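All of these numbers come straight from a predicted model, not from anything done at the bench. Throughout, a chain's letter reflects where its sequence line sits, starting with A, and its residues are numbered from 1.
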Protein chains: 2
Amino acid sequence: MSRSRMSTNPLSHRARTGAHPPRPKEVSVSKTAPTSADVAREAGVSRATVSYVLNNRSDVRITPATREQVLLAARQLGYQPSPAARALRAGRGDVVLFLLPDWDTTGELGHFLEEVGTLISKEGFVCLRYEGPQWHGHLGSLLGKVTAAAVVTFSPLSDADRDAMAMSTIPEVRAWLLDGPEGHTVRIDQATVVQLQLDRLIARGYRRMIYAVIRDPRNQRFIDARVRAFRNLTVAAGIGDADVVVLDGELDGFVDALTAARAVNESRIGVCAWNDMTAVGILSAAQTLGISVPEDLGVIGVDDTPIASLTAPPLSSVRFDLTQDAAVIAANVAETLGVGSKQPAITSAPVTLIARASD
Amino acid sequence: MSRSRMSTNPLSHRARTGAHPPRPKEVSVSKTAPTSADVAREAGVSRATVSYVLNNRSDVRITPATREQVLLAARQLGYQPSPAARALRAGRGDVVLFLLPDWDTTGELGHFLEEVGTLISKEGFVCLRYEGPQWHGHLGSLLGKVTAAAVVTFSPLSDADRDAMAMSTIPEVRAWLLDGPEGHTVRIDQATVVQLQLDRLIARGYRRMIYAVIRDPRNQRFIDARVRAFRNLTVAAGIGDADVVVLDGELDGFVDALTAARAVNESRIGVCAWNDMTAVGILSAAQTLGISVPEDLGVIGVDDTPIASLTAPPLSSVRFDLTQDAAVIAANVAETLGVGSKQPAITSAPVTLIARASD
DNA sequence: TTGTATGCGTTATCAG
DNA sequence: CTGATAACGCATACAA
């Protein structure tokens, strides 16, 4: 564990800590935030009374007059309780930390996160995101800087991070969209996604299938799961002519792949695309080669992104809805935090196919 | 009287606190995190010494032996300093809060945010994002829950939020990508983006221009700025036949718009698209209508997203690079935090056109 | 060089 | 019902 105190200059942040310098206690415009003691003085009561009023506790009875005094003083001074002091006193903060993998948080996943955040905020907590690849391996440092009430992870942590997490007393809530073996975690069933694509293509008369995916290390785990599902499902469906093509993000590669596939034989090809962008590449390659969609080739994307409505022909796509899962995660967090009331049943995300013209 | 009664004795600290809550304090597996006092006891030194060693202060000299003792004890106990206590003591926390508008943080903007985060983390702070539309109007509540060292805003705050910000003692750093009038803030010059599109199209021989944009309230301010630039620039370039079409995200609308444009006359049309997705719509509409690109119609997108390489033909696109701006913002934050060393010159984001086959 | 005492702002407890 | 006061964990002048 890194015990380095980082480069924080010990002198600089002494600027506002009034340990030494004589503090001019004036009601006038001062740069230091007012404390509950200031409010108490202004209202002519004790600090305890201020605390009682501001936290409006039901087990203590305060004279309405006193209460008003306190409220007024607090408003006048613009009093805001110090989160640091509260956290120190309470033993935990009000921040729920989202540890996001290097995923694309646009679209459905973004909604999911927002939904969870909204739900949790109802319990008086605030959800902050730590995003990008930067935090990997530095979780310990992070936890040393922010007083978190809980950490929500969306994928397994690295060894170092897991250790840091275990070392701390902060609870981890797992919202693993992929890796959860069972139970207390959300699962998007990747096999269902592929199955919907295949079922549709089979229903439309395709007998020859290709799984097309753009190489992307960020999503490797998801990709692996889907490819596995594709292999299993095609075998189960008795489709012998199934293939997986891995591409990089250039049109040429798509054209080549399609050319090669057509060279084998000219039968109609059904393409299960990893996502909508991959599907766009397939459509473009087909156009380039003069292959007509959906007459000679069908393609179905995943995610139902806005672009699916803008291709020619418009793209059929599989979408999943994480709304229910958001509620599950929020409930898990609430329970972990000891503020939960209800416990929604565990559901798996509804997955549906949005049919458009690409087949 | 009782004032003098309770002197903080490092030894009695634990022993005598058990007045009310009988807290069993064992060295064994306890759920509470170890404190610096625990480390001190374990190492057989005072709390001050522990603090000195752990913050490795240069103005105090510690016996190497003692230092090792402390370090060892800290490691053994898995000691992690409490952020809450540090924040309370220091008067400010180590969290820099990014207040993100409801923007798409994929692509270049995402890189920008990561870059800023990485830079700031070098100064010992951590950047957390508060994302989505949810926080608008609730900034006060947020600031009451997290001990932030600074808040970085990317667009103007609402009145309520601005008041809350002003009420607090937390400094606001403005990284307004669009609204900054001048000076201390980052600016993506929207006019330059449009200019690059137009220059290219003019160079390729187009004399009739259309600005195409997909309706999106989230980006309205950016859209307005670009449309304004388009109008000004086409007038300045002596292009009389310039038009702006606002679409929603369905292919039909694109087809209709292009049909209408071709109905006026059959001259070649240059399309400045709001972004790559809009450009995809244009390409699809052209394909649907049998208009060949780039022979009869040219289109240039913005953002140079991965999809630009996957259309048929591949899409020319304008990209901007916010790396330098990230450094500027990071420096601003550092300066505000009083930890900054250098002050990079203010630059505006380099904007370039990536030429592909769509013209 | 190390130990002692104090305060940061909040809340809980208990005596008036 | 109110007032005084003890912690929470850390950092640091100052004394030894």
Side-chain angles (χ1 to χ4, degrees), chain A residues 5 8 10-11 13-14 16-21 23 32-41 43-55 57 59-67 69-70 79-94 144 147 169, chain B residues 1-14 16-21 23 32-41 43-55 57 59-67 69-70 79-93 144 147:
Chain A
R5 182 52 190 75
T8 310
L11 298 174
H13 65 51
R14 265 204 41 67
R16 295 215 351 266
T17 68
H20 247 325
R23 224 178 339 152
T32 66
T35 75
S36 75
D38 295 326
V39 177
R41 188 165 349 95
V45 298
S46 75
R47 306 215 309 274
T49 310
V50 172
S51 178
Y52 292 151
V53 171
L54 263 37
N55 300 0
R57 291 178 36 153
D59 54 339
V60 192
R61 296 223 299 242
I62 307 285
T63 322
T66 314
R67 162 179 294 271
Q69 285 279 339
V70 172
Y79 169 73
Q80 290 289 124
S82 142
R86 291 174 60 101
L88 178 58
R89 171 65 191 170
R92 83 169 177 209
D94 293 325
T147 309
T169 56
Chain B
M1 42 185 296
S2 30
R3 169 88 47 104
S4 57
R5 170 189 155 249
M6 200 53 201
S7 51
T8 317
N9 183 328
L11 294 175
S12 65
H13 179 256
R14 282 294 178 210
R16 296 209 281 126
T17 41
H20 275 294
R23 220 170 347 148
T32 65
T35 75
S36 76
D38 294 327
V39 177
R41 187 165 350 92
V45 299
S46 75
R47 307 214 310 273
T49 307
V50 172
S51 178
Y52 293 151
V53 171
L54 264 37
N55 299 5
R57 290 181 34 151
D59 56 338
V60 190
R61 298 226 295 245
I62 307 283
T63 319
T66 316
R67 162 179 295 272
Q69 286 280 338
V70 172
Y79 169 72
Q80 289 289 125
S82 144
R86 288 171 49 106
L88 179 57
R89 168 70 188 168
R92 82 170 177 209
T147 308

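When rounded to the nearest whole Å, the span between CG of B:N55 and P of D:dT12 equals 7 Å. Per the geometry, CG belonging to B:L54 stands 9 Å off P belonging to D:dC10, to the nearest Å. Rounded to whole Å, the distance from CD1 on B:I62 to P on D:dA11 is 14 Å. Residue A:L88 contributes atom CG, which lies 12 Å from atom P of D:dA11 at whole-angstrom precision. Spacing between atom CZ of B:R57 and atom P of D:dA13 amounts to 6 Å, rounded to whole angstrom units. As a whole-Å value, the separation of B:Q80 CD from D:dC10 C1' is 14 Å. Rounded to whole Å, atom P of D:dG9 lies 18 Å from atom CZ of A:R86.
OP1 or OP2 of D:dC10 lies within a sub-4.0 Å distance of a side-chain N or O belonging to B:S36. Between A:S46 and D:dG3 there is a side-chain polar atom (N or O) within less than 4.0 angstrom of OP1 or OP2. Side-chain N/O atoms of A:S51 include none lying less than 4.0 angstrom from OP1 or OP2 on C:dT10. The side chain of A:T66 places no N or O atom within less than 4.0 Å of a non-bridging phosphate oxygen (OP1 or OP2) of D:dC1. For C:dT10, neither phosphate oxygen OP1 nor OP2 lies less than 4.0 angstrom from any side-chain nitrogen or oxygen of A:Y52. Residue A:S82 places no side-chain N or O under 4.0 Å from the OP1 or OP2 atom of C:dG9. Note on B:T49: a side-chain N or O is less than 4.0 Å away from OP1 or OP2 of C:dG3.
B:T63 places no side-chain N or O within 3.5 Å of a backbone atom of B:T66 that could act as its donor or acceptor partner. For the pair A:D38 (side chain) and A:T35 (backbone), a donor-acceptor distance under 3.5 Å is present. In this structure, B:T147 contributes its side chain and A:A84 its backbone to a donor-acceptor pair below 3.5 Å.
Here the side chains of B:L54 and B:Y79 are in contact, with some heavy-atom distance below 4.5 Å.
Residue contacts shown for B:V45 are limited to sugar-phosphate atoms, with no base heavy atom under 4.0 Å away.
A donor-acceptor contact under 3.5 angstrom links the side-chain atoms of A:R47 to the base of C:dT10. Contact annotation: side chain of A:R89 to base of D:dA7, donor-acceptor pair present below 3.5 Å.
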- Message: The test is side-chain contact (heavy atoms from CB on, under 4.5 Å); show your working for A:D94 and A:R86 and say whether it passes.
- Response: CA-CA 9 Å; A:D94 293 325; A:R86 291 174 60 101; 4.2 Å; yes
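Nearer to the 5' terminus of DNA chain D, by closest-nucleotide assignment, is the contact made by A:P64 (compared with the other of A:A48 and A:P64).
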